[in-house]
Amino acid sequence: MVEYVIIGDGISGSSAAETLREEDPEGEITVITDEGETLYNRILIKEHAKGKLPEAPISIHDPDWYDERDIELSLNTHVTAVDVEEKLVHTHEGEAVSYDKLLVATGGTPTQLPVPNSDADGIHHFWTFQDARRIREAAEGSEKAVVVGAGLLGIDFAAVCGAQGVEGTYLMRGNRWWRYALSLEGAEIMHQGMRDVGVEPVFESGVDRFEVDDDGHVTAAVDPNGDRYPCDWAGVAIGLSFNTEFLRGTGVETDDGIVVDEYMRTNVDDVYAAGDITRFYDVLLGEHAQNGSWGSAKEQGRVAAVNMAADAAEEEFEWVSSYSITHFDFPFLSFGHPTLGEEHAERKYSDTEWRRIAFKDGKIVGGVLIGDLSPQSAFKGLMREGREVAGQKEKLLEKRVDLDSLAPPQEQ
Ligand SMILES: Cc1cc2nc3c(=O)[nH]c(=O)nc-3n(C[C@H](O)[C@H](O)[C@H](O)COP(=O)(O)OP(=O)(O)OC[C@H]3O[C@@H](n4cnc5c(N)ncnc54)[C@H](O)[C@@H]3O)c2cc1C
């Protein structure tokens, strides 16, 4: 009987556990997580923090789900080390769990701002359901908040402010939100969305230090220009540090995440990784890439499990990810790798509609759609096909993308 151990019960670990049970009914499966609750929907916790969603719909699995599948679950258990020679996983309680096949699905932890008082009471990071409960509590009844981190998670803090009637100030380092994926023209639409919910973006700013009261609670953020922004609480989302400390000394290759091939295998025998933590070989892109999104993490967990159970390179991970934001009156979707590419095409269609496509080697590798998401399936299809379409930008920027109007692949 094969012993499988999965570290992490997020969507990638949980999806791997489910698939392993399907693929290997006899295997012994253990899932270890340092959180105190079973799998929940991490992408919905922002709705809870916004005060819009009660707890119940956010939970995905209850403990019975694991029992019914004969999956051993260890909650509140932090993995401290892995011994890849003896094939043992060590926990903070001094326990050693043996494995034949190991999956590391430990994701990341929000990075703290490297400035004075960044660990003060009232400064929040957003990753777990517990974080969401604390943010909701802080936001309810508060008057002013500061948000830092001009990316996909920072904007969730802005949305919490908007939904909870908190006057928010969003401090950004450059001249726009998510400057790696959006031009100023596209970002302006997002800025207006923020203003419409009562959050004021401040550019060429950031945080130099936080000020605190005698009880150590945050009272203000001071930016590098010396401007002071009073606040009852602050939300910081400047990126993730990947949870790989327990792999130190194992020889598992890391490079800001765990390096895996398209089968989710690391360079060490019988050690796999899945989810946010991976720097995976993207078969569509033709190079290693990273991707922090729910759908991709779920699929990576599934693919890793198929290959673990087969003890072979059975299935490749091939996926076009997407990440949507529904905080404003208009929808927003990023797909693929919108921050990559050496060529771009973009167009504004109205005050709330904009599109940008990123190309590498003539092929679409990602993009951003604001307001009108209808071209997403066409663009994703072209990505999967690996079709060279950069020469046909005008057609791709037409309001309604007509795939039939594109030159067929053989004529290119
Ligand atoms: C507020 C928020 C909003 C988001 N919104 C979206 C969205 O709209 N769309 C989208 O696609 N994605 C969204 N994401 C991202 C998405 O949730 C992640 O990409 C996805 O959950 C990653 O899953 P994972 O299983 O790889 O990692 P995680 O969900 O991070 O799970 C890793 C687990 O491993 C545990 N762990 C870590 N180290 C150890 C250890 N040493 N021992 C034991 N356990 C350990 C962690 O506690 C955690 O439970 C959002 C994320 C957040 C936080």
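Please read these numbers as outputs of a predicted model, since none were measured by experiment. In listed order, ligands and their atoms are each counted from 1. Because only heavy atoms are used, hydrogens play no part in the values below, and waters and symmetry mates are left out as well, while side chains stay in.
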Short N-O contact, Glu37 and Arg133, less than 4.0 angstrom: yes
Parallel, tilted or perpendicular, as decided by the 30° and 60° cut-offs, for the rings of Trp177 and Phe332: perpendicular
Min heavy-atom dist Ser324 to ligand 1 below 4.0 Å: yes
Aromatic ring pairing Phe157/Trp233, orientation class (parallel under 30°, perpendicular over 60°, tilted between): tilted
Interfacing atoms of ligand 1 (cut-off 4.0 Å, heavy-atom, Gly8): 33 (C), 34 (O)
Lys46 and ligand 1 - part of the residue with a heavy-atom distance under 4.0 Å: side chain
Shortest protein heavy-atom distance from atom 36 (N) of ligand 1, along with the residue and atom involved: Asp34 OD1, 3.5 Å
Minimum-distance protein heavy atom relative to atom 29 (O) of ligand 1: Arg42 NE, 2.7 Å
Ile277, Ile43, Asp276, Val82: member with heavy atom nearest to atom 26 (O) of ligand 1: Asp276
Atoms of ligand 1, numbered as shown, that sit under 4.0 Å from any heavy atom of His78: 40 (C), 41 (N), 42 (N)
Atoms of ligand 1, numbered as shown, that sit under 4.0 Å from any heavy atom of Phe246: 41 (N)
Residue, atom name and distance, where the atom is the protein heavy atom closest to atom 37 (C) of ligand 1: Thr106 O, 3.2 Å
Which residue and heavy atom of the protein sit nearest atom 50 (C) of ligand 1, plus the separation: Tyr323 OH, 3.7 Å
Side chain to side chain, His337 and Asp282, heavy atoms closer than 4.5 Å: yes
Side chain to side chain contact (heavy atoms under 4.5 Å, CB included) partner of Thr38, the single match among Ile60, Thr33, Val31, Leu73: Leu73
Pick from Ile155, Asn243, Val79: the one approaching atom 41 (N) of ligand 1 most closely through a non-hydrogen atom: Val79
Validation row, ring centre Trp178 to ring centre Tyr323 under 6.0 Å: no
Side chain to side chain, Met190 and Phe330, heavy atoms closer than 4.5 Å: yes
Close N or O approach (Ile11, ligand 1; < 3.5 Å): yes
Side chain to side chain contact (heavy atoms under 4.5 Å, CB included) between Lys360 and Glu287, intermediate numbers included: CA-CA 11 Å; Lys360 180 187 163 227; Glu287 62 184 88; 2.7 Å; yes
Residue Arg179 excluded, over 12 heavy atoms near CZ under 6.0 Å: yes
Thr77 neighbourhood, listing ligand 1 atoms whose heavy-atom distance to it stays under 4.0 Å: 42 (N), 43 (C)
Part of Asp156 within contact of ligand 1 (heavy atoms, under 4.0 Å): side chain
Side chain, backbone, both or neither: Ser296 near ligand 1, heavy atoms under 4.0 Å: neither
Ring-face cation contact, Tyr349 with Lys399, 6.0 Å cut, 45° max: yes
Which of the ligand 1 atoms, numbered from 1, are nearer than 4.0 Å to a heavy atom of Gly275: 26 (O)
Non-hydrogen atom of Thr80 closer than 4.0 Å to ligand 1: no
Ala297 and ligand 1 - part of the residue with a heavy-atom distance under 4.0 Å: side chain
Numbered atoms of ligand 1 (with element) below 4.0 Å of Ala105, judged on heavy atoms: 32 (C), 33 (C), 34 (O)
Nearest-neighbour protein heavy atom for atom 49 (O) of ligand 1, which is reported as residue plus atom name and distance: Glu35 OE2, 2.6 Å
Minimum side-chain heavy-atom gap Asp361-Glu342 below 4.5 Å: yes
Heavy-atom nearest neighbour of atom 52 (C) of ligand 1 within options Val104, Thr278, Leu153, Leu247: Leu153
Atom 27 (O) of ligand 1 [closest protein heavy-atom partner, distance rounded to 0.1 Å]: Gly107 CA, 3.8 Å
Minimum heavy-atom distance between Arg176 and Met172, given as atom pair plus value: C-SD, 3.8 Å
Option of least heavy-atom distance to atom 24 (P) of ligand 1 (set: Gly10, Gly13, Ser12): Ser12
Min side-chain heavy-atom separation Asp34-His92 under 4.5 Å: no
Top protein contact for atom 11 (O) of ligand 1, by heavy-atom distance: Trp294 N, 2.9 Å
Lys298 atom NZ: more than 12 heavy-atom contacts under 6.0 Å: no
Taking atom 15 (C) of ligand 1 as the reference point, the nearest protein heavy atom with its distance: Gly292 O, 4.1 Å
Any side-chain heavy-atom pair of Glu200 and Tyr229 under 4.5 Å: no
Nearest option to atom 30 (O) of ligand 1, as decided by whichever heavy atom of Phe126, Trp127, Tyr40 sits closest: Trp127
